[in-house]
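Quick notes on the structure that follows.
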Protein chains: 2
Amino acid sequence: MNIGNASGKSGLPAKTIRYYEDIGLLKPERSENGYRDYSMSDVHKLRFLQRARGLGFSVEECRQLLALYEDKSRASADVKSIARSKLQEIDRKIIELRELQETLKHLVAHCHGDQRPDCPILESISGSVS
Amino acid sequence: MNIGNASGKSGLPAKTIRYYEDIGLLKPERSENGYRDYSMSDVHKLRFLQRARGLGFSVEECRQLLALYEDKSRASADVKSIARSKLQEIDRKIIELRELQETLKHLVAHCHGDQRPDCPILESISGSVS
DNA sequence: TCTTGACCTTCCAGTTACTGGAAACATTAC
DNA sequence: GTAATGTTTCCAGTAACTGGAAGGTCAAGA
């Protein structure tokens, strides 16, 4: 499938998809006419990239995560260790999102619609300051 | 408190904190000697910025979120509407993180430690392709 | 008191991850 | 057939930092 189609299915702008090819993240086939030709597997990876980038993982982290599935030569112990450290990071992100969620819910619940409430919730949105 | 201290407490590099001042996100007091002087409230905001950026919110979104607490002139209906749309975004992010978590857990659980498993989980990490 | 080292200042240049636009070729729609 | 749309490459610009130089400040130890 063409890049426009892949863009629509993945949620990534065509520009970004080309950029990911430039930096070696995802290299699609080429059609006779020179157009990029994406498989469904490519689209899955693009969609994964779209999500992971939106969740605050860097391009290099995404490259590593993609490599977990693609690099057949990598030892499984390696895969496990990388995946485990990413899992910890994900746990932390989920917790932080829940806290942010609580704060915003509190804000929404305690606004009366006519004036801003005077509650000191900045402390709660910033989490525990160690 | 000095920038080094604020950096340690917030988890943000001093460089980044100065950059946030440059773009008008957070303007601290200045001591007699010209050093930046951060209050605890400033540190809370910095910590919030550290988290929100790490969770994939853009600087402009962070600016908006900070404004929810700071802009006394903003109507509460506005605050509610912005907060609600951010809440939806957070819900989505949490769901996506859970899915990513499931995939990685699956990978860790099904590796045998000596060789990479041959399971087609790319589809699951990329979520539903609409 | 002096000095040494850690910390702070500003400024400017470089990097990462896109993003916009031009010029040209391909495809599709009427 | 031609106009609109989609694709290509290339090059420049933006967002959000990040590193490094040149110099001022401060606290601790000889």
Side-chain angles (χ1 to χ4, degrees), chain A residues 1-40 42-43 45-67 86 89 93 96, chain B residues 1-40 42-43 45-67 86 89 93 96 100 126:
Chain A
M1 100 190 45
N2 285 351
I3 197 169
N5 205 336
S7 167
K9 285 205 198 320
S10 67
L12 284 171
K15 279 271 179 188
T16 304
I17 297 178
R18 289 194 199 96
Y19 170 73
Y20 286 164
E21 182 176 353
D22 282 351
I23 62 172
L25 260 191
L26 187 80
K27 189 163 188 161
E29 296 295 309
R30 293 283 178 144
S31 306
E32 296 275 318
N33 57 15
Y35 284 17
R36 289 168 179 81
D37 184 22
Y38 295 90
S39 67
M40 277 317 288
D42 288 334
V43 170
K45 290 175 195 171
L46 289 172
R47 177 124 185 90
F48 163 72
L49 288 168
Q50 192 270 331
R51 291 182 152 213
R53 293 288 297 120
L55 293 168
F57 290 96
S58 74
V59 165
E60 282 319 303
E61 287 174 315
C62 290
R63 195 191 296 279
Q64 213 174 34
L65 285 165
L66 276 183
K86 293 297 168 203
E89 210 174 321
K93 279 175 193 279
E96 290 178 1
Chain B
M1 97 190 48
N2 285 350
I3 197 168
N5 205 336
S7 166
K9 286 205 199 319
S10 68
L12 284 171
K15 278 271 180 191
T16 304
I17 297 179
R18 288 194 199 97
Y19 170 72
Y20 286 165
E21 182 177 353
D22 281 352
I23 62 171
L25 259 191
L26 188 79
K27 190 163 189 164
E29 296 295 309
R30 292 285 176 141
S31 305
E32 296 275 319
N33 57 14
Y35 284 17
R36 289 170 180 80
D37 184 22
Y38 295 90
S39 67
M40 278 316 288
D42 288 335
V43 170
K45 291 174 193 172
L46 289 172
R47 178 123 185 89
F48 163 72
L49 287 169
Q50 192 272 329
R51 292 182 149 212
R53 292 290 297 122
L55 293 168
F57 291 95
S58 73
V59 165
E60 284 317 304
E61 287 175 316
C62 290
R63 194 192 296 276
Q64 212 173 36
L65 284 164
L66 277 183
K86 292 298 168 201
E89 208 173 324
K93 280 175 193 278
E96 290 177 2
L100 185 50
S126 59

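All chains are named by letter (A, B, ...) in the order of the sequence lines, taking the proteins before the strands, and each is independently numbered beginning at 1.
Atom CE in Met1(A) sits about 16 Å away from atom C1' in dG6(D), given to the nearest Å. Atom CG of Leu25(A) is separated from atom P of dA17(C) by 9 Å (rounded to the nearest Å). Distance Gln50(A) CD to dA17(C) C1': 15 Å, rounded to the nearest Å. For the pair Asn5(B) CG and dA6(C) C1', the computed distance is 14 Å after rounding to whole Å. Atom P of nucleotide dT19(C) and atom CD1 of Ile17(A) are separated by 12 Å, given to the nearest angstrom.
Under the 4.5 Å side-chain criterion, counting only non-hydrogen atoms from C-beta, Tyr38(A) is not in contact with Asn5(A). Using a 4.5 Å heavy-atom threshold, the side chains of Lys9(B) and Leu46(B) count as separate. The side-chain heavy atoms of Phe57(B) and Gln64(B), taken from C-beta on, include no pair separated by under 4.5 Å. A heavy-atom distance below 4.5 Å is not found between the side chains of Ser7(B) and Leu12(B). Residues Lys93(B) and Lys93(A) are not in side-chain contact: their nearest non-hydrogen atoms beyond the backbone lie 4.5 Å or more apart. Contact annotation: the side chain of Tyr20(B) approaches that of Arg53(B) to within less than 4.5 Å [non-hydrogen atoms, C-beta and beyond]. With a 4.5 Å cut-off on side-chain heavy atoms, Asp42(B) and Leu26(B) count as touching. Side-chain contact between Val59(A) and Leu49(A) is absent, with no heavy atoms from C-beta onward closer than 4.5 Å.
Rounding to the nearest 0.5 Å gives a distance of 5.0 Å between CE of Met40(A) and CE of Met1(A). Rounding to the nearest 0.5 Å gives a distance of 9.5 Å between CZ of Arg36(B) and CD1 of Ile17(B).
With the end axes of the helix from dT1(C)-dA30(D) to dT15(C)-dA16(D) each set by five pairs, the angle from one to the other reads 20° at 10° resolution.
For residues 25-34 of chain A, the set of pairs meeting the side-chain hydrogen bond (donor to acceptor under 3.5 Å, both in side chains) definition, not counting sequence neighbours, comprises Glu21(A)-Arg30(A).
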Quiz item: Does the side chain to side chain contact (heavy atoms under 4.5 Å, CB included) test come out yes or no for Ile3(A) and Arg18(A), once each step is laid out?
Solution: CA-CA 9 Å; Ile3(A) 197 169; Arg18(A) 289 194 199 96; 3.5 Å; yes
Which atom pairs link the protein and nucleotides 14-17 of chain D when you take only N or O atoms and keep those under 3.5 Å?
{"unit_1": "dA16(D)", "atom_1": "OP1", "unit_2": "Val59(B)", "atom_2": "N", "d": "3.4"}
{"unit_1": "dA16(D)", "atom_1": "O3'", "unit_2": "Arg53(B)", "atom_2": "NH2", "d": "3.2"}
{"unit_1": "dC17(D)", "atom_1": "OP2", "unit_2": "Tyr20(B)", "atom_2": "OH", "d": "2.8"}
{"unit_1": "dC17(D)", "atom_1": "OP2", "unit_2": "Arg53(B)", "atom_2": "NE", "d": "2.9"}

If you restrict it to nitrogen or oxygen atoms, what contacts under 3.5 Å exist between nucleotides 8-11 of chain D and the protein, and what is each distance?
{"unit_1": "dT8(D)", "atom_1": "OP1", "unit_2": "Arg36(A)", "atom_2": "N", "d": "2.7"}
{"unit_1": "dT8(D)", "atom_1": "OP1", "unit_2": "Arg36(A)", "atom_2": "NH1", "d": "2.9"}
{"unit_1": "dT8(D)", "atom_1": "OP2", "unit_2": "Arg18(A)", "atom_2": "NE", "d": "3.0"}
{"unit_1": "dT8(D)", "atom_1": "OP2", "unit_2": "Arg18(A)", "atom_2": "NH2", "d": "3.1"}
{"unit_1": "dT8(D)", "atom_1": "OP2", "unit_2": "Arg36(A)", "atom_2": "NH1", "d": "3.2"}
{"unit_1": "dT8(D)", "atom_1": "O5'", "unit_2": "Arg36(A)", "atom_2": "NH1", "d": "3.3"}
{"unit_1": "dT9(D)", "atom_1": "OP1", "unit_2": "Arg30(A)", "atom_2": "NH1", "d": "3.3"}
{"unit_1": "dT9(D)", "atom_1": "OP1", "unit_2": "Arg30(A)", "atom_2": "NH2", "d": "3.3"}
{"unit_1": "dT9(D)", "atom_1": "OP2", "unit_2": "Arg36(A)", "atom_2": "NH1", "d": "3.0"}
{"unit_1": "dT9(D)", "atom_1": "OP2", "unit_2": "Arg36(A)", "atom_2": "NH2", "d": "2.6"}

Protein-nucleotides 13-15 of chain C N/O pairs closer than 3.5 Å?
none

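Legend: residues meeting side-chain contact (heavy atoms from CB on, under 4.5 Å) with Asn2(A), ordered by chain and number and at least two apart, are Tyr35(A).
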